[in-house]
Amino acid sequence: ALHRVYRAALRLVEGINAFVRSGIRFPLCGVGRVNLFGLFAEAARGLVSRSGRVGQLLPSGIVTDDSTKLFFQAVIDNGELVSFYDFENREAIFPAVHRSFKFGVLTLAGPRKAGAPAEFVFFATRVEHLEDKARRFTLSAADIALLNPATRTCPIFRSGRDAEITKGIYRRLPVLTESGWGLELRRLLNSADDSANFLEGPGPGRLPLYQSKYFHQFDHRWATHDHDEDRDLTDLERADPAYVTRPRYWYPAEDAIRRFGSAWPRPWVLAWRRIARSTDERTFIATALPSLAIPDTARVLFLGAEWVSLAAGFLAGLCSFPFDYVARQKVGGTDVSAFIVEQLPMVPPEVHEAVTPWSRSGTLLQWLASRTVELTYTAWDLAPFAKEAGFEGLPFRWDPERRFFLRAELDAAFFHLYEIFHEDADYILDTFLIVKKNDEKAHGEYRTKRVILEIYDEMAEAIRTGEPYQTRLDPPPADPLVAHPARSGASSKRIVQ
């Protein structure tokens with residue numbers, strides 16, 4: 001009897017699923033991963049009269065998710081989307097709903113002028129926020145196509161100024177997949193399907209399995225597994241170039257090389273954390289890792305073969321404040337998906353091969369790589385990455401104060417490369433609230449912003465006058481004097497500045 005009930009229920013579910021996916025009633029939301037709220041929205045769209053309107057309370061994914069992109073494209077292209085007001089339930093507008101839940105008020109009209117702009121508000125926590133003119137902005141179908149050319153999903157701006165700054169960046173720079181880097185964004189290992197090969201303990205022929213929690217920006221030794229739990233490394237441990245992160249699991253090297261080695265025949269890879277939020281200290285977290293064993297908590301970027309030598313400059317861009325700022329306008333939940341990353345703006349590779357605008361000597365790549373290599377190459381296991389970037393010397397000493405100024409120079413550089421004005425750079429840095437809070441707690445001021453903007457202005461003066469920018473670092477970046485002492489028979493070569 002129980003089996004008959006089960007079979008009847010299964011047939012009902014399968015029948016509903018077949019109807020939904022048939023394309024007859026739900027051609028826009030009955031595809032991919034089907035959610036009930038998408039079907040609800042599409043049903044309402046089909047019922048509204050030419051002179052009528054309909055309003056619905058729906059999860060915010062109706063305008064941001066990849067699975068509902070066809071619906072959003074249709075209502076924005078046909079001018080049917082009047083407005084979307086996004087709320088976080090942080091202040092318990094709905095007391096019985098979790099405080100982190102995001103929902104929105106979607107208003108549709110009958111067909112209007114094609115491409116007519118719609119009004120948006122994001123990150124409101126109370127109804128009164130809808131009256132704040134600074135929060136309100138409009139986007140047209142052309143704006144959406146500019147900002148998310150591949151998926152045509154909606155970006156999530158906190159203010160009209162965020163919208164204007166971001167649109168300006170997209171008018172000046174191409175998105176990653178169109179920027180000429182020959183990129184392939186991939187998931188390597190699946191934590192479910194490949195878990196049988198997740199081995200405990202190191203051994204011959206095993207690669208460290210680098211979960212995303214083990215790395216951070218410019219740092220492949222952010223955390224380690226110690227006594228059955230994960231913990232952050234200390235600065236003393238990071239100061240030892242022989243110290244390596246000990247992961248919880250290891251993976252057979254032979255299998256990883258067999259599966260991925262033809263696409264990426266190197267012992268290192270660029271990776272980013274897949275799980276992050278726009279409200280974290282930093283959202284886009286990437287670095288170089290000394291392993292091809294990367295589970296699905298992270299994603300990897302394979303550069304085109306002709307641009308691998310530019311990887312250090314490319315990584316500097318991924319870790320910059322301007323790149324992270326734009327990423328925050330796209331991450332609505334906790335998943336920094338590949339479809340988001342491929343639509344982020346990036347400086348093209350040919351710019352890296354040109355002369356550095358603020359030094360007038362050497363290429364931009366040399367300027368960026370010297371700083372990136374000193375930041376990343378702090379242990380022997382990343383020697384292959386450093387060598388690919390043109391440096392065959394010893395690992396660099398872990399010096400938090402030098403690292404601060406190296407990063408400040410890189411961030412100031414990318415504000416220039418993204419052609420962002422001083423006032424907008426000031427505003428962008430103020431949106432990183434946790435960075436600001438931590439600085440004020442440690443230094444009594446927002447030191448990161450002050451130093452980056454000071455260096456930005458010095459670079460602007462160098463560009464204007466032709467007098468080369470002078471680094472604040474002594475010795476200069478990637479100088480052998482800031483590397484670890486040479487061992488017997490070892491040598492070092494300095495990157496041209």
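Computed from a predicted model, the values in this text were never measured in an experiment.
Residues E423 and D426 form no side-chain contact, since every pair of their non-hydrogen atoms from C-beta on lies 4.5 Å or further apart. Side-chain atoms of F84 and I62, non-hydrogen and from C-beta on, do get closer than 4.5 Å to each other. Contact check for F157 versus F120: no side-chain heavy atoms found under the 4.5 Å cut-off. Residues R53 and V82 form a side-chain contact, since some pair of their non-hydrogen atoms from C-beta on lies under 4.5 Å apart. Side chains of L108 and L81 form a contact here, defined as non-hydrogen atoms less than 4.5 Å apart. Side-chain contact between V341 and L185 is present, with heavy atoms from C-beta onward closer than 4.5 Å. Within the 4.5 Å cutoff, side-chain heavy atoms of F284 are placed close to those of V336. Contact check for P384 versus P290: no side-chain heavy atoms found under the 4.5 Å cut-off.
A cation-pi arrangement is absent between R299 and W272 under the rule of less than 6.0 angstrom and at most 45 degrees off the ring axis. Both the sub-6.0 Å distance and the 45° axial angle are not jointly satisfied by R206 relative to the ring of Y251. In this structure, R282 is positioned above the aromatic face of F432, its NZ or CZ under 6.0 Å from the six-membered ring centre and within 45° of the axis. In this structure, K102 satisfies the cation-pi test against F123, with its NZ or CZ atom closer than 6.0 Å to the six-membered ring centre and inside 45 degrees of the ring normal. A cation-pi arrangement is present between R447 and F404 under the rule of less than 6.0 angstrom and at most 45 degrees off the ring axis.
The closest side-chain donor-acceptor pair between Y214 and R221, if any, does not fall under 3.5 angstrom. E91 and T125 share a side-chain donor-acceptor pair at under 3.5 Å. A donor-acceptor contact closer than 3.5 angstrom links the side chains of D439 and T448. D226 and T224 share no donor-acceptor pair across their side chains, judged by distance under 3.5 Å alone. For Q343 and T151, the side-chain atoms include at least one donor-acceptor pair closer than 3.5 Å. No donor-acceptor contact under 3.5 angstrom links the side chains of N148 and K69, judged on distance only. Side-chain atoms of Y456 and D411 form no donor-acceptor pair, as typed in the model, at a separation below 3.5 Å. Side-chain atoms of R158 and Q329 form no donor-acceptor pair, as typed in the model, at a separation below 3.5 Å. Side-chain contact annotation: Y249 with Q211, donor-acceptor N/O pair under 3.5 Å absent. A side-chain donor from one of Y325 and D162 sits under 3.5 Å from a side-chain acceptor of the other. Side chains of S159 and R135: a donor-acceptor N/O pair is absent below 3.5 angstrom, by distance only.
Judged by distance alone, the side chain of D65 and the main-chain N or O of S67 form no donor-acceptor pair under 3.5 Å. The backbone N or O of F19 sits nowhere less than 3.5 Å from a side-chain atom of R25 that would complete a donor-acceptor pair.
Closest non-hydrogen pair, V269 versus S291, comes out as CG1-O, 3.3 Å. When all heavy atoms of F218 and T376 are compared, the closest pair comes out as CD2-CG2, 3.7 Å. Heavy atoms only, all atoms of each residue included: L344 and Y170 are closest at CA-OH, 3.6 Å. A425 approaches I420 most closely through the heavy-atom pair N-CG2, 3.6 Å. Taking every heavy atom of both residues into account, A74 and L28 meet most closely at CB-CD1, 3.8 Å. Taking each heavy atom of Y418 and P345 in turn, the nearest pair found is OH-O, 2.7 Å.
Shown here are the ring-ring contact (aromatic ring centres under 6.0 Å, His included) partners of F103, two or more places apart in sequence or in another chain: F87, F94. Partners of R403 according to the salt bridge (charged side-chain N to carboxylate O under 4.0 Å, His left out) rule, which considers only residues two or more places apart in sequence or in another chain, do not exist here.
A perpendicular orientation is assigned to the rings of W268 and F385, their planes being inclined by more than 60° (bins at 30° and 60°).
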- request: Tell me, with the steps shown, if T287 and D219 meet side chain to side chain donor-acceptor pair (under 3.5 Å).
  value: CA-CA 6 Å; T287 196; D219 185 6; over 6 Å; no
query: Taking it one step at a time, do T334 and R277 satisfy side chain to side chain donor-acceptor pair (under 3.5 Å)?
result: CA-CA 5 Å; T334 61; R277 289 154 292 273; 5.4 Å; no
- request: Before giving the answer on side-chain contact (heavy atoms from CB on, under 4.5 Å), spell out for L209 and R248 the whole-Å C-alpha distance, their side-chain angles and the decisive distance to 0.1 Å.
  value: CA-CA 8 Å; L209 188 75; R248 182 177 182 182; over 6 Å; no
query: Yes or no on side chain to side chain donor-acceptor pair (under 3.5 Å) for D143 and S140, after CA distance, side-chain angles and deciding distance?
result: CA-CA 5 Å; D143 292 331; S140 66; 3.3 Å; yes
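A salt bridge is absent between D280 and R273: the closest approach of a Lys/Arg side-chain nitrogen to an acidic carboxylate oxygen does not fall below 4.0 angstrom. Ion pair D430/K449 flagged as a salt bridge, since at least one NZ, NE, NH1 or NH2 atom sits closer than 4.0 Å to an Asp/Glu carboxylate oxygen. Note on R161 versus D424: salt bridge recorded, some NZ/NE/NH1/NH2 to OD/OE distance being below 4.0 Å. R45 and E42 are not joined by a salt bridge, as no carboxylate oxygen comes within less than 4.0 angstrom of a charged side-chain nitrogen. The pair K437-E281 does not meet the salt-bridge criterion, since no charged nitrogen lies less than 4.0 angstrom from a carboxylate oxygen.
Heavy-atom contacts from other residues, nucleotides or ligands closer than 6.0 Å to CZ of F405 number more than 12. Around CD of E200, the count of heavy atoms belonging to other residues, nucleotides or ligands within 6.0 Å does not exceed 12.
Aromatic pair F314/W181: ring centres closer than 6.0 Å.
The CG atom of L270 sits 5.5 Å away from the CG atom of L303 when rounded to the nearest 0.5 Å.
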